[in-house]
Amino acid sequence: MLHISDLRNNKEQIISSLKIKNFDAENLVNSAIAKDDERKAIQQKSDDLLSQQNKIAKEIGVLYKTGKVEKANDLKQQSIKIKKESQEIISLQNKIEEELLSIIVQIPNVPHQSVVKGNSDQDNEILNEFGDKPNLIKDALPHWELAEKYNLIDFKLGNKITGSGFPVFKGKGAKLQRALISFFLDENINAGYEEYLPPSVVNTDSMFGTGALPDKEGQMYHITSDDLYLIPTAEVPVTNFYRDTIVKDFPIKCTAYTPCFRREAGSYGKDVRGLNRLHQFDKVEIVQIEHPENSYETLEIMVDHVSEILKKLELPFRIVRLCGGDLSFTSSLTYDFEVYSAAQDRWLEVSSVSNFESFQSNRLKLRFKDENGKSQLCHTLNGSAIALPRIYAALLENNQFDGGIKIPEILHTYTTFDSIT
RNA sequence: GGAGAGAUGGCAGAGUGGUCGAAUGCACUGGUCUUGAAAACCAGCGUACAGCAAUGUACCGGGGGUUCGAAUCCCUCUCUCUCCGCCA
């Protein structure tokens with residue numbers, strides 16, 4: 001969420017920037033500021049009343065000690081009166097603070113100046129394209145058929161034990177998955193990220209911290225008996241490592257492999273065939289916490305890093321800058337990576353690298369001390385490096401030959417085989 | 001799952017109803033001293049909100065209660081430790 005002082009100081013600019021996200025923020029911003037005025041006024045009042053109470057309580061202490069019981073009893077009556085008043089004021093204050101919060105959380109993050117307006121993913125800007133689309137064999141198959149043909153993934157078995165969207169990998173198919181995870185992690189570690197293996201389940205505080213709640217309640221698996229959530233991405237546990245902290249040294253660079261769980265309510269059809277969209281999938285994430293001055297430079301470095309990984313996998317891909325209409329609620333600037341999956345003749349999103357500026361930090365209370373010793377909000381960034389299923393799909397489809405699938409060379413040390421037949 | 005103990009500032013650790021936002025030690029920052037460093041000594045040293053400031057308010061695991069007054073008493077939740085049980 002945005003900081004109230006930003007809303008005050010840069011009101012006009014925030015409202016006009018949010019138009020790029022097709023969001024009319026004027027009413028919300030105005031009512032947030034008005035509500036904050038109310039908040040300030042009422043805090044003044046409650047502070048006053050509490051101050052009086054504190055003073056009286058201290059006096060009573062002294063009176064009792066010196067044996068002036070009658071005088072003390074008088075003051076008690078006075079204090080009880082003030083207390084009644086202050087209790088009312090404080091409950092009103094709490095109500096106002098809640099209202100203020102509920103307004104502010106509805107305002108999306110402000111897009112970066114490089115973001116263009118647009119309505120949907122159709123309007124995203126394609127910045128770069130790398131690699132050549134493969135020449136497919138005559139009877140090329142989509143990955144879900146290849147997976148079955150070569151006994152790599154058993155979708156039906158997943159249906160049986162869990163439900164659709166929960167594939168079972170087996171044999172070389174399972175090993176390829178594990179190889180990709182190790183490869184991605186090693187690439188990230190070599191780039192200076194520290195590896196973590198967090199829990200796949202988090203509490204509500206964490207879900208609020210990174211903004212998944214209350215926004216995406218229906219998208220997540222919720223374990224009601226223990227009030228825990230299955231993580232939709234490693235971003236949630238890892239970024240929340242730093243909830244309520246004041247960091248001393250930049251940058252903080254973390255990478256983590258986790259399974260990711262998404263209900264994907266409402267999805268159906270050919271877009272979700274095979275590995276295209278799953279309820280459970282594997283992803284390796286990179287999370288970085290930065291000084292505000294460096295965050296955009298860092299974003300570019302992260303983009304380069306993901307590019308290098310995709311190049312090593314010899315997959316054709318393109319980098320896309322999301323337009324305002326497609327940019328997420330929390331992001332200021334996002335680059336998507338799409339690999340070309342030949343048999344489907346589709347570009348599949350495999351990574352999303354974003355700068356959230358201080359939007360997450362504000363909620364997380366993630367700060368650092370500036371040169372004057374004042375607390376400032378950090379910037380948070382994250383990206384997939386990389387999500388597995390669609391990479392997997394593209395590898396199968398693009399590298400199929402008559403009677404087998406070729407494994408890219410970089411993976412051979414991980415898979416210990418160079419093809420699947 | 002059963003029984004018990006506990007949760008206090010960056011860390012260690014005192015404080016069981018009244019100048020406690022919190023002793024003390026360590027760490028950290030600045031200064032004195034020194035050619036330099038160490039030691040010693042002096043000073044500073046939590047977060048947030050309001051205020052130009054002085055200052056005020058809140059926070060001693062979370063939430064609620066008792067009281068004129070709560071770190072301290074009561075309820076509740078969470079977590080940690082010890083012992084027993086169970087177990088990959």
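Below, read A as the first sequence line, B as the second, and so on, with proteins coming before strands; counting in each chain starts at 1. Side chains are part of it too, since the values below use all heavy atoms of this structure and drop only hydrogens, waters and symmetry mates.
Nearest to the side-chain atoms of A:Gln53 among the listed nucleotides B:rC49, B:rA48, B:rG69 stands B:rG69. The listed nucleotides are B:rA50, B:rA48, B:rU57; the one nearest the side chain of A:Arg367 is B:rA48. In this structure, the nucleotide among B:rC68, B:rA50, B:rG21 sitting nearest to the side chain of A:Lys58 is B:rG21.
Of the side-chain N and O atoms in A:Ser79, none sit less than 4.0 angstrom from OP1 or OP2 of B:rG69. OP1 or OP2 of B:rU57 sits under 4.0 Å from a side-chain N or O of A:Ser51.
Taking atom CD1 of A:Ile60 as the reference point, atom P of B:rU19 lies 14 Å away to the nearest angstrom. One interatomic measurement links the two molecules: CD1 of A:Ile89 to C1' of B:rA58, which rounds to 16 Å at whole-angstrom precision. The distance between atom NZ of A:Lys365 and atom C1' of B:rC59, rounded to the nearest whole Å, is 12 Å. To the nearest angstrom, C1' of B:rC49 lies 6 Å from CZ of A:Arg39. Taking atom CD1 of residue A:Ile56 and atom C1' of nucleotide B:rC68, one finds them 8 Å apart after rounding to whole Å. Per the geometry, CG belonging to A:Asn203 stands 19 Å off P belonging to B:rG61, to the nearest Å. Look at CD1 on A:Ile90: it is 17 Å from P on B:rA50, rounded to the nearest Å. With rounding to whole Å, A:Gln93 atom CD is found 12 Å from B:rC59 atom P.
Note on A:Leu75: nothing from the nucleic acid sits closer than 4.0 angstrom, heavy atoms only. Backbone-only engagement by A:Asn54 is indicated by non-hydrogen atom pairs under 4.0 Å involving sugar-phosphate atoms exclusively. As judged by a 4.0 angstrom heavy-atom cut-off over every strand, A:Ser46 is placed among residues making no nucleic acid contact. Among the atoms of the strands shown, base atoms are found under 4.0 Å from some heavy atom of A:Gln43. The residue A:Lys83 sits close to a base: some heavy atom pair falls under 4.0 Å.
Comparing B:rG17 with B:rA3, their C1' atoms sit 31 Å apart, to the nearest whole Å. B:rC79 sits 37 Å from B:rC45 when the P atoms are compared, rounded to a whole Å. When the C1' atom is compared between B:rG63 and B:rG44, the two are found 36 Å apart, to the nearest whole Å. Taking atom P on both nucleotides, B:rA38 is separated from B:rA27 by 12 Å, rounded to a whole Å. One C1' atom belongs to B:rG9, the other to B:rG13, and the distance between them is 11 Å to the nearest Å. Using atom C1' as the reference point in both B:rU24 and B:rU35, the two lie 37 Å apart (nearest Å). Taking atom P on both B:rA88 and B:rA7, the two are 35 Å apart, rounded to the nearest angstrom. Between the C1' atoms of B:rA70 and B:rG21, the separation comes to 14 Å (whole Å).
Pairing each heavy atom of A:Phe368 with each of A:Ile246, the nearest pair is CA-CG2, 4.1 Å.
For B:rA37, there is no paired base (Watson-Crick or G-U wobble, both distances below 3.5 Å). In this structure B:rG69 sits in no base pair that meets the Watson-Crick or G-U test at under 3.5 Å. The base-pairing partner of B:rU55, taking Watson-Crick or G-U wobble contacts with both distances under 3.5 Å, is B:rA50. Nucleotide B:rC20 is matched to nothing when pairs are restricted to Watson-Crick or G-U wobble geometry with both distances under 3.5 angstrom. The pairing partner recorded for B:rG30 is B:rC42, the criterion being a Watson-Crick or G-U wobble arrangement whose two distances lie under 3.5 angstrom. Base pairing annotation: B:rU80 forms a Watson-Crick or G-U wobble pair with B:rA5, both donor-acceptor distances under 3.5 Å.
Aromatic rings of A:His143 and A:Tyr392 (six-membered ring for Trp) have centroids beyond the 6.0 Å cut-off, not under it.
The pair A:Glu85-A:Lys81 does not meet the salt-bridge criterion, since no charged nitrogen lies less than 4.0 angstrom from a carboxylate oxygen.
Checking A:Arg390 against A:Ser341 by side-chain atom types alone, no donor-acceptor pair falls below 3.5 Å. Side-chain N/O atoms of A:Ser352 and A:Asp336 include a donor and acceptor closer than 3.5 Å.
With the nearest nucleotide of RNA chain B identified for both A:Ile4 and A:Lys76, A:Ile4 has the one nearer the 5' end. With RNA chain B read from its 5' end, the first of the two nearest nucleotides for A:Gln77 and A:Lys248 is the one closest to A:Lys248.
A cation-pi arrangement is present between A:Lys172 and A:Phe417, with the terminal nitrogen or guanidinium carbon under 6.0 Å from the aromatic centre and inside a 45° cone about the axis.
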Derivation and outcome, side chain to side chain contact (heavy atoms under 4.5 Å, CB included), residues A:Asn30 and A:Lys11
CA-CA 9 Å; A:Asn30 282 331; A:Lys11 178 180 153 183; 2.8 Å; yes
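For A:Ser31 (side chain) and A:Leu28 (main-chain N/O), a donor-acceptor pair under 3.5 Å exists by modelled atom type.
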